[in-house]
Amino acid sequence: MEESEYAAWLAIIGLRANHFTISVNHFHSYDSVEKVLDKIESLGLGINASGGRIKGSPDVLLEQGSTLADRAEFSFAGGQIEEIPTCYYEFAKRYRDVDGKLYQGFVAASADKIFESTNVRGERHAG
């Protein structure tokens, strides 16, 4: 943990997904990331607000937001019990590029803020 939160997470959780991305483009009732995040928050789930509730923009062809990771207790050698972040959900809306195809990449400037959904150190960001 002192060296890397990501390495510690992998050592504890193993080779499992740390997040799932849900396409807002495929929703019928919600046409924006903001509306999805409002609904998720109304259900009592925390929203990752680091870098803003919505990362990206139509200009970079991708908007995304995410929940905060749930937490679970893990028992370590020697009986130590710690609460560890598990996985979270990301919601992405993709825009069409100049060829009319939905953008399939990610926005590097936003990626580190999305991954803060599982941060242990520092403040937990709630929307």
Side-chain angles (χ1 to χ4, degrees):
M1 180 69 155
E2 291 176 16
E3 296 298 321
S4 167
E5 285 187 26
Y6 296 118
W9 191 92
L10 180 63
I12 295 165
I13 302 292
L15 294 175
R16 298 182 203 163
N18 84 322
H19 74 281
F20 298 91
T21 302
I22 298 169
S23 173
V24 173
N25 299 75
H26 290 86
F27 288 159
H28 297 288
S29 299
Y30 301 95
D31 60 357
S32 72
V33 174
E34 185 63 39
K35 287 179 183 176
V36 171
L37 295 180
D38 287 346
K39 177 62 176 177
I40 297 299
E41 197 169 37
S42 77
L43 298 172
L45 297 171
I47 300 298
N48 175 348
S50 178
R53 285 169 56 91
I54 298 176
K55 289 84 170 151
S57 69
D59 293 338
V60 295
L61 306 179
L62 175 65
E63 290 180 316
Q64 55 192 20
S66 65
T67 65
L68 292 170
D70 196 8
R71 296 183 178 266
E73 286 187 351
F74 283 85
S75 297
F76 291 89
Q80 179 183 356
I81 298 173
E82 296 286 337
E83 196 173 75
I84 305 296
T86 57
C87 73
Y88 62 94
Y89 290 91
E90 176 184 15
F91 303 93
K93 181 172 183 176
R94 298 177 181 281
Y95 292 87
R96 298 199 179 278
D97 63 19
V98 294
D99 296 325
K101 296 181 181 177
L102 283 180
Y103 179 71
Q104 293 301 308
F106 69 97
V107 178
S110 300
D112 66 331
K113 299 299 181 200
I114 288 291
F115 286 115
E116 286 188 18
S117 292
T118 56
N119 274 5
V120 171
R121 293 189 185 120
E123 210 176 282
R124 288 202 43 168
H125 304 279

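In what follows, residues are counted from 1 in the order of the sequence shown.
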Report summary line: When rounded to the nearest 0.5 Å, the distance separating NZ of K93 from CD of Q64 is 14.0 Å

Query - 4.5 Å side-chain heavy-atom contact, I22 and F27 - result: yes

Query raised in the report: Taking atom CD of E63 and atom OG of S57, what is their separation to the nearest 0.5 Å?
Result: 7.0 Å

Report task. For R53 and K55, work out which heavy atoms get closest and say how close. Result -> O-NZ, 3.7 Å

Query raised in the report: Would you call D59 and Y95 a side-chain contact if the rule is heavy atoms closer than 4.5 Å?
Result: no

Report task. Indicate, with yes or no, if Y30 and F20 share a hydrophobic cluster defined by side-chain heavy-atom contacts under 4.5 Å among Ile, Leu, Val, Met, Phe, Trp and Tyr. Result -> yes

Report summary line: When every non-hydrogen atom of I40 is compared with those of I47, the smallest separation belongs to CG2-CD1, 3.8 Å

Query raised in the report: What are the two closest non-hydrogen atoms of A17 and C87, and how far apart are they?
Result: O-CB, 3.9 Å

Requested in this report: Hey, can you tell me if Y88 and H19 have their rings parallel, tilted or perpendicular (30° and 60° cut-offs)?
Outcome: parallel

Query raised in the report: Judged by atom type as modelled, is there a donor-acceptor pair below 3.5 Å linking the side chain of N48 to the main-chain atoms of S66?
Result: no

Report task. Take D31 and V24, measure what side-chain contact (heavy atoms from CB on, under 4.5 Å) needs, and give me the verdict at the end. Result -> CA-CA 7 Å; D31 60 357; V24 173; over 6 Å; no

**Report entry** T86 vs N18 side-chain heavy atoms within contact, under 4.5 Å
**Finding:** no

Query raised in the report: When you measure from the side chain of T67 to the backbone N and O of Y89, does any donor-acceptor pair fall under 3.5 Å?
Result: yes

Query - Closest contact, heavy atoms only, F74 versus A72 - result: CD1-O, 3.4 Å

Requested in this report: Can you see which heavy atom on V33 is nearest to which on G65, and at what distance?
Outcome: CG1-N, 3.8 Å

Requested in this report: Please confirm whether the backbone N or O of G105 pairs with a side-chain atom of R94, one donor and one acceptor, at under 3.5 Å?
Outcome: yes

Query raised in the report: Shortest non-hydrogen contact from L62 to F106?
Result: CD2-CA, 3.9 Å

